[in-house]
Amino acid sequence: VALAACTGAFLIAFFVIFFLIYTIFRFTDQNGWSPKTLIICLTRLGALALLGVLISMFFFLPNLLEMLNSQRVSGAASLRNQLFSFNVFENFTYSNSINALLSFFSNDLQGTGNAYQGRSNYLEGPMYYCGSFTLLLLSQALKGLNQRRAMLFAAFFLVFTIPVFFDFFRSAFWLFSAPYYRTYCLFVILAMLFIALRSLDFILQERKLSLPSLGITLGLLLVTLLYPYSREIAFVDTEKSLVISLLVIIYAALLLLLRVDRLRQPTLIILMFVVCAELAWSGSVTVNQRDMATQKDFQEGAGYNDHTKEVVNYLKQKDPTFYRIEKTYSSSPAMHYGLNDSRVQNYYGTRSYHSFNQRHYVEFLYQLGVIKTVDHASSRWLMGLISRPNLLSFVSVKYLLVKALTDIGYPQRLRYRYVTTIGDIIVLENPGAYPLAISYDSFVTADNFRKLPPETKDRLLLDAFV
């Protein structure tokens, strides 16, 4: 809990939900239904969890305050009301269900990195893969259980499986903040591994195997992998699906051999080898079949290693006062326009991508018409003030970095003074940039300010307090 709290205040709620469900399940499985004893157990665990949060308070509290002061939590960008109004079957489609199912076989079955063609994107899409062998073992989950334990295991499995296909329940897991996969995928994997390991232990201890369940599960897995889906429904990498199908068949054969006493030991050795081979193959696909930064890129000054860092160091030595820097280009090597250059290259800017951008800055951009609405996307992707010269002066942007003078319009070019050129970057100074703290001798009310056109607002901010 302490480590989770250090990572982020938002994760605490999810770990609490997961461990609450898991604790109730394990306690009931081992001790039967005893509400009084269960409450005592949960109280003790809750006290330990609270202690963990207190230990990490130095990290937890700033992160919590950052969240509370963002538009996504306490502002207009919160999705809570919208998600609360979701129909339970919202986005429950054949295509989305198939995409979710395919992710159980491999995180790369629908493409890797920028080539990913599944739901959402490669980093935020469903990622339920934890080995093909696990899927076969799930078929034996209820073997050897009495009716009470079978119902308990089935309920435990369904609690984590239903949100895989229904966005509404997955949103509920995220406290109706967004219908993400992310950490939820980890909890599904943990639940699957627990049930699969219990099944494997039963097979090894009791030497029993449900052949009908194994046969049906094997058939369903192969059909899901090899079915010729249309591109509108789901993209499947044919080569990877054939490899995974072969692995599933091998695992099924090895499970059958585990029932034979004299073949058990060599079968376990082969099983361990095949599992390691699958993990090596899967990891190799994930790492090697995606775009990556090479040593040559760093040596040639590509991406964030461009001349911007030299410019920033030069300006810090030349001018030790407070100021901001803005650029007409992005150093990010990503396929999308990077907005966090200032964080990586250590300077103050006006752009930002962050899950919890400061709500007052978002409101400032909205009131000035820089962003047209405050919603889930626009409150995270802040494009900055590069297109509004007067606002650049107002927020203390003293230096502008360009690759060519034509990157900025002629009227805007007149307000800047040439400083130097470092590599392929031209450094311009804005003599009219305001300092961090200023005073006014006139004001305008907020209601009157909102009625003005954007250009007038920009000029007025330089002369009057709102």
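- In this structure, the side-chain contact (heavy atoms from CB on, under 4.5 Å) partners of F322, at least two apart in sequence or on a different chain, are R324, Y348, S396, L436.
- Applying the side-chain hydrogen bond (donor to acceptor under 3.5 Å, both in side chains) test to residues at least two apart or on different chains, the pairs with a partner in residues 102-116 are N99-Q110, D108-T112, D108-Y122, D108-T286, N114-D291.
- N305 and K309 share a side-chain donor-acceptor pair at under 3.5 Å.
- Counting only residues at least two apart or on different chains, no salt bridge (Lys or Arg N to Asp or Glu O under 4.0 Å) pair has a member in residues 44-57.
- Results of the side chain to side chain contact (heavy atoms under 4.5 Å, CB included) test with S352 over V362, N340, D341 single out N340 as the only residue that passes.
- Sorted by first and then second residue, the salt bridge (Lys or Arg N to Asp or Glu O under 4.0 Å) pairs with a member in residues 217-234 form an empty list; sequence neighbours excluded.
- Looking at residues two or more places apart in sequence or on another chain, you find no side-chain hydrogen bond (donor to acceptor under 3.5 Å, both in side chains) involving Y366.
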| Q30 and F25: side chain to side chain contact (heavy atoms under 4.5 Å, CB included), yes or no, with the steps? | CA-CA 9 Å; Q30 294 182 354; F25 163 70; over 6 Å; no
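- For L145, the side-chain contact (heavy atoms from CB on, under 4.5 Å) partners two or more places apart in sequence, or in a different chain, are L142, R149, A150, F153, R198.
- Residues satisfying the side-chain contact (heavy atoms from CB on, under 4.5 Å) test with D424, not counting sequence neighbours, are H307, K403.
- F364 pairs by the ring-ring contact (aromatic ring centres under 6.0 Å, His included) definition with nothing, not counting sequence neighbours.
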| query | Between S171 and D167, does a side chain to side chain donor-acceptor pair (under 3.5 Å) hold up when you go through it step by step? | reply | CA-CA 6 Å; S171 300; D167 285 3; over 6 Å; no
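- Applying ring-ring contact (aromatic ring centres under 6.0 Å, His included) to F160 and the options F187, F194, Y128, F18 leaves one that passes, F18.
- V274 pairs by the side-chain contact (heavy atoms from CB on, under 4.5 Å) definition with L247, I250, Y251, L254, I270, not counting sequence neighbours.
- Under the ring-ring contact (aromatic ring centres under 6.0 Å, His included) criterion, Y314 pairs with no residue at all, not counting sequence neighbours.
- Using the six-membered ring where Trp is involved, F15 and F19 have ring planes that are parallel, under 30° apart on the 30 and 60° scheme.
- With a 4.5 Å cut-off on side-chain heavy atoms, I386 and T350 do not count as touching.
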| message | Assess the residue pair N121 and E124 against the criterion (side chain to side chain donor-acceptor pair (under 3.5 Å)); give the C-alpha distance rounded to whole Å, side-chain angles, the decisive distance to 0.1 Å, and a yes or no. | response | CA-CA 5 Å; N121 60 66; E124 297 181 305; 2.8 Å; yes
| Between S213 and Q140, does a side chain to side chain donor-acceptor pair (under 3.5 Å) hold up when you go through it step by step? | CA-CA 7 Å; S213 297; Q140 309 298 310; 5.1 Å; no
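- Within a 6.0 Å sphere centred on CE of M151, other residues, nucleotides and ligands contribute 12 heavy atoms or fewer.
- Applying the salt bridge (Lys or Arg N to Asp or Glu O under 4.0 Å) rule to R380 yields no partners; only residues at least two apart in sequence or on another chain are considered.
- Qualifying side-chain hydrogen bond (donor to acceptor under 3.5 Å, both in side chains) partners for D261, counting only residues two or more places apart in sequence or in other chains: R207.
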